[in-house]
Protein chains: 2
Amino acid sequence: MKSEFLINWHSQLRKGLLPLFVLMVLQEKENYGYELIQNLQTRFAIDVAEGTLYPLLIRLQKEGLLTSTWVEQVSGIPRKYYVITPVGQQTLHEMRAYMDSLKSINQNEQ
Amino acid sequence: MKSEFLINWHSQLRKGLLPLFVLMVLQEKENYGYELIQNLQTRFAIDVAEGTLYPLLIRLQKEGLLTSTWVEQVSGIPRKYYVITPVGQQTLHEMRAYMDSLKSINQNEQ
DNA sequence: TAGAATACTTTGTATAACTATGTATTTTTA
DNA sequence: TAAAAATACATAGTTATACAAAGTATTCTA
């Protein structure tokens, strides 16, 4: 059974990883929120609550990393599709560079 | 120049990484706070303010991952040395396992 | 027709980094 | 030798963000 500390650590780690993962998914293809939650699960084995993701998407959009458009469905509820912007791509690039630098640091371990 | 967003992202990412890095350093050798700040800088290229590290150390101790003892110096100010506990080592192990799982996920990228 | 699934939003709470400040001692330097 | 810098630890207030919970609305399914 996972300790209280580890559960909390995971939650804290997500504060950094989640924006990265979201940008990574959207880099490949535009997504609407509900779809993104499922892609994050299959792609990164990470369960994201709607109350976590939607505020994040709004924040990323406010920062200029994403744009969004409502798309009416022939059948079903309208979906808000999120697309990564050039600023978002540049930011993703720098995030990746930082993550890679961490990896190389961790290499000189037993 | 780094964007506001990236600066903030780094800060959020640290909330997850810092406990991991601290445990990694202490896994190798006991450290006192001030020394630890320097080791985190040389080892992980990460600048940690005292106001960040000391509360973290107190928290980790409260969680049972560390113990600490004051050591009087022949010359100089007494130092509080932090030592990783078995619980801390187990926790570190699980943190590493999780970090490794992230790495393998990130591998299937262009 | 009730319930599940889809789809987005908002409110309140908890966690933890960060800034700033404070205390105290020792070493360096001008 | 006095001032400044470095060493060493601690705490209060602010801010960002995950998360739980609840809400709104539509569509599909049994």
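Below, read A as the first sequence line, B as the second, and so on, with proteins coming before strands; counting in each chain starts at 1. Just so you know, these numbers use all the heavy atoms, side chains as well, and skip hydrogens, waters and symmetry mates.
Taking CG from B:Leu53 and CG from B:Leu40, the interatomic distance works out to 6.5 Å, rounded to the nearest 0.5 Å.
As rounded to whole Å, 13 Å separates atom C1' of C:dC8 from atom CG of A:Leu36. If you take CG of A:Asn8 and C1' of C:dT13, they are 13 Å apart, rounded to a whole angstrom. Taking atom NZ on A:Lys62 and atom C1' on C:dT9, their separation rounds to 13 Å, with Å as the unit. One can place CG of B:Leu60 at 15 Å from P of C:dT15, the figure rounded to the nearest angstrom. Atom NE2 in B:His10 sits roughly 19 Å away from atom C1' in C:dT19 (whole-Å rounding). Atom NZ in B:Lys80 sits about 17 Å away from atom P in C:dA24, given to the nearest Å. Atom CZ of A:Phe5 and atom P of C:dT15 are 13 Å apart (whole Å). Residue A:Gln73 contributes atom CD, which lies 14 Å from atom P of C:dT6 at whole-angstrom precision.
Taking the side chain to side chain contact (heavy atoms under 4.5 Å, CB included) definition, one finds that B:Ile77 meets it with nothing, sequence neighbours left out. Every residue was checked against the side-chain hydrogen bond (donor to acceptor under 3.5 Å, both in side chains) condition with A:Gln38, not counting sequence neighbours, and none meets it. With sequence neighbours left out, B:Glu50 forms a side chain to side chain contact (heavy atoms under 4.5 Å, CB included) with B:Tyr34, B:Ile37, B:Tyr54. Evaluation of the side chain to side chain contact (heavy atoms under 4.5 Å, CB included) rule for A:His93 yields no partner, not counting sequence neighbours. Considering only residues two or more places apart in sequence or on other chains, A:Phe5 meets the ring-ring contact (aromatic ring centres under 6.0 Å, His included) condition with none of them. A:Gln90 pairs by the side-chain hydrogen bond (donor to acceptor under 3.5 Å, both in side chains) definition with A:Glu94, not counting sequence neighbours. Remark: A:Ile58 pairs with A:Lys62 by the side chain to side chain contact (heavy atoms under 4.5 Å, CB included) rule, at least two apart or across chains.
Looking at heavy atoms from C-beta onward, B:Leu20 lies out of side-chain contact with A:Leu13 at the 4.5 angstrom threshold.
Under the 4.0 Å criterion applied to side-chain N and carboxylate O atoms, A:Glu28 and A:Arg43 are assigned as salt-bridge partners. Between B:Glu30 and B:Lys80, no side-chain nitrogen of the basic residue sits less than 4.0 Å from a carboxylate oxygen of the acidic one, so the salt-bridge criterion is not met.
Shown for residues 11-18 of chain B: residues whose heavy atoms fall under 4.0 angstrom of DNA chain C, namely B:Ser11, B:Arg14, B:Lys15. Of the residues in residues 46-55 of chain A, those placing a heavy atom less than 4.0 Å from an atom of DNA chain C are A:Glu50, A:Gly51, A:Tyr54, A:Pro55, in numerical order.
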Atom pairs, N/O to N/O, protein against nucleotides 26-29 of chain C, distance under 3.5 Å?
unit_1, atom_1, unit_2, atom_2, d
C:dT27, OP1, B:Ser75, OG, 2.6

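Pairs engaging residues 8-20 of chain B under the side-chain hydrogen bond (donor to acceptor under 3.5 Å, both in side chains) rule: none recorded [sequence neighbours left out].
A:Trp9 comes within 4.0 angstrom of nothing in the nucleic acid, heavy atoms only.
A sub-4.0 Å separation between OP1 or OP2 of C:dA7 and a side-chain N or O of A:Tyr32 is present.
A donor-acceptor pair under 3.5 Å is absent between the side-chain atoms of A:Glu72 and the main chain of A:Trp70, judged by distance alone.
Nearest heavy atoms, B:Asn39 versus B:Thr42: O-OG1, 3.2 Å.
The outermost nucleotides of DNA chain D lying under 4.0 Å from heavy atoms of chain B, listed 5' to 3', are D:dT7 to D:dT17.
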